[in-house]
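Working notes for the structure below.
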2 protein chains.
Amino acid sequence: MPGILEEADKHCAKTGVRLTPLRRRVLELVARADVPVKAYDLLSQIDHTRTNAKPPTVYRALDFLIDAGLVHRVEALNAFVACPQAGHGHAAVLYVCENCTKVTEVQGTRPGQENKPDGFEVRRSVVEHYGICLSCLKNDTSKT
Amino acid sequence: MPGILEEADKHCAKTGVRLTPLRRRVLELVARADVPVKAYDLLSQIDHTRTNAKPPTVYRALDFLIDAGLVHRVEALNAFVACPQAGHGHAAVLYVCENCTKVTEVQGTRPGQENKPDGFEVRRSVVEHYGICLSCLKNDTSKT
DNA sequence: GTCTGGATGTAATAATGTAACGCTACGATG
DNA sequence: CATCGTAGCGTTACATTATTACATCCAGAC
Ligand SMILES: [Zn+2]
Ligand SMILES: [Zn+2]
Ligand SMILES: [Zn+2]
Ligand SMILES: [Zn+2]
């Protein structure tokens, strides 16, 4: 795989938005973790000798990355994951393992709108499935 | 309709859990509002001459009500809505209007599990669609 | 009565998120 | 070049949301 950062560079160049060093650094931190990351964890990981990051710093960067479609917010965890597909503005379908906390983002799927009320115009969807991933089910030592 | 509180009484009697006055009061407050309610709003609405409610009070009551399937948490709003169907433990599909903030819970639908990863065992699903309801679309005066 | 577990009270604090304002750097415009 | 406007970030202060830990109360079991 080509690396999320390089993909992000390309994506931002194409869409004409600026992936500044700070934003790129935050994306790097989110992408490096293979589990959802908390905003304040990001804050503490930013190099404080180079920037003087405060909460607004990281929240602004995250807002940018989310708008750019590079990061998704995991609503039920107050946490963030990097999007493996740099698809602008797509709605994510996430499977979150409650044991190992890893997130799998389903590729190329639109969230289903079950029994949508008549005339409702959906702008944004949050779809998060919580459970146990195959790998954790296999390695489960706590079998009753 | 028979009233959410009476339904809740029946439901709790049947499942053998205790809908105490405090919990019932919180459910009443959630049910009375036709929009999602915040925990601290509930806290301020509880009668402080009779109980001495603090944050844990309301969060504990909400936890109980959610476990009992009487209330759903709206994850992306940090807010709570009463469930119109007292179905224990069902996963809710919610349509939230970003204009009037009203929530429509789709009845009798299981959230779709789009392209579920192999072997993933789903325990709980969060499905929230944000947009504009029909009524707000009709009354829209901000037509460009 | 005494014991016990669930429910609630209480204090303190953690964790998460935002508002408001100012400064700086940079590109556009004339 | 001058100046203007704006995006990005710094900075302070604060607001909102949620939890931990421990004490107390109280109904039902024995
Ligand atoms: Zn994605
Ligand atoms: Zn797992
Ligand atoms: Zn429901
Ligand atoms: Zn509406």
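The chains referred to below are lettered A, B, ... by the order of the sequence lines, with proteins before strands, and numbering in each begins at 1.
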How close or far is atom [atom2] of [N] from atom [atom1] of [X], stated in whole angstroms?
| X | N | atom1 | atom2 | answer |
| --- | --- | --- | --- | --- |
| A:Leu43 | C:dT18 | CG | P | 14 Å |
| A:Ile46 | D:dT11 | CD1 | P | 13 Å |
| B:Asn52 | D:dC25 | CG | C1' | 14 Å |

Before accepting this row, confirm whether a basic side-chain N of the pair A:Arg24/A:Glu28 lies closer than 4.0 Å to the acidic partner's carboxylate O.
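A:Glu28 and A:Arg24: not salt-bridged.
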Atom [atom1] of [X] and atom [atom2] of [Y]: how far apart are they, to the nearest 0.5 Å?
| X | Y | atom1 | atom2 | answer |
| --- | --- | --- | --- | --- |
| B:Cys97 | B:Leu134 | SG | CG | 10.0 Å |
| A:Arg123 | B:Ile132 | CZ | CD1 | 4.0 Å |
| A:Glu75 | A:Leu94 | CD | CG | 10.0 Å |
| B:Gln107 | B:Cys83 | CD | SG | 7.0 Å |
| A:His129 | B:Gln113 | NE2 | CD | 5.5 Å |
| B:Gln85 | B:His90 | CD | NE2 | 4.5 Å |

Contact list for DNA chain C against residues 18-28 of chain B - heavy-atom distance below 4.0 Å:
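Going residue by residue through residues 18-28 of chain B, the ones with a heavy atom under 4.0 Å of DNA chain C turn out to be B:Arg18, B:Thr20, B:Leu22, B:Arg23.
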Return a single string for nucleotides 12-23 of chain D, one symbol per nucleotide in 5' to 3' order, where B is base contact, S is sugar-phosphate-only contact and - is none, cutoff 4.0 angstrom on heavy atoms.
B----BBBB---
A:His72-A:Glu105 side chain donor-acceptor pair, cut-off 3.5 Å
yes
Taking 4.0 Å as the cut-off, does a side-chain nitrogen or oxygen of A:Thr57 come that near to OP1 or OP2 on D:dG10?
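Yes, A:Thr57 has a side-chain N/O under 4.0 Å of OP1/OP2 on D:dG10.
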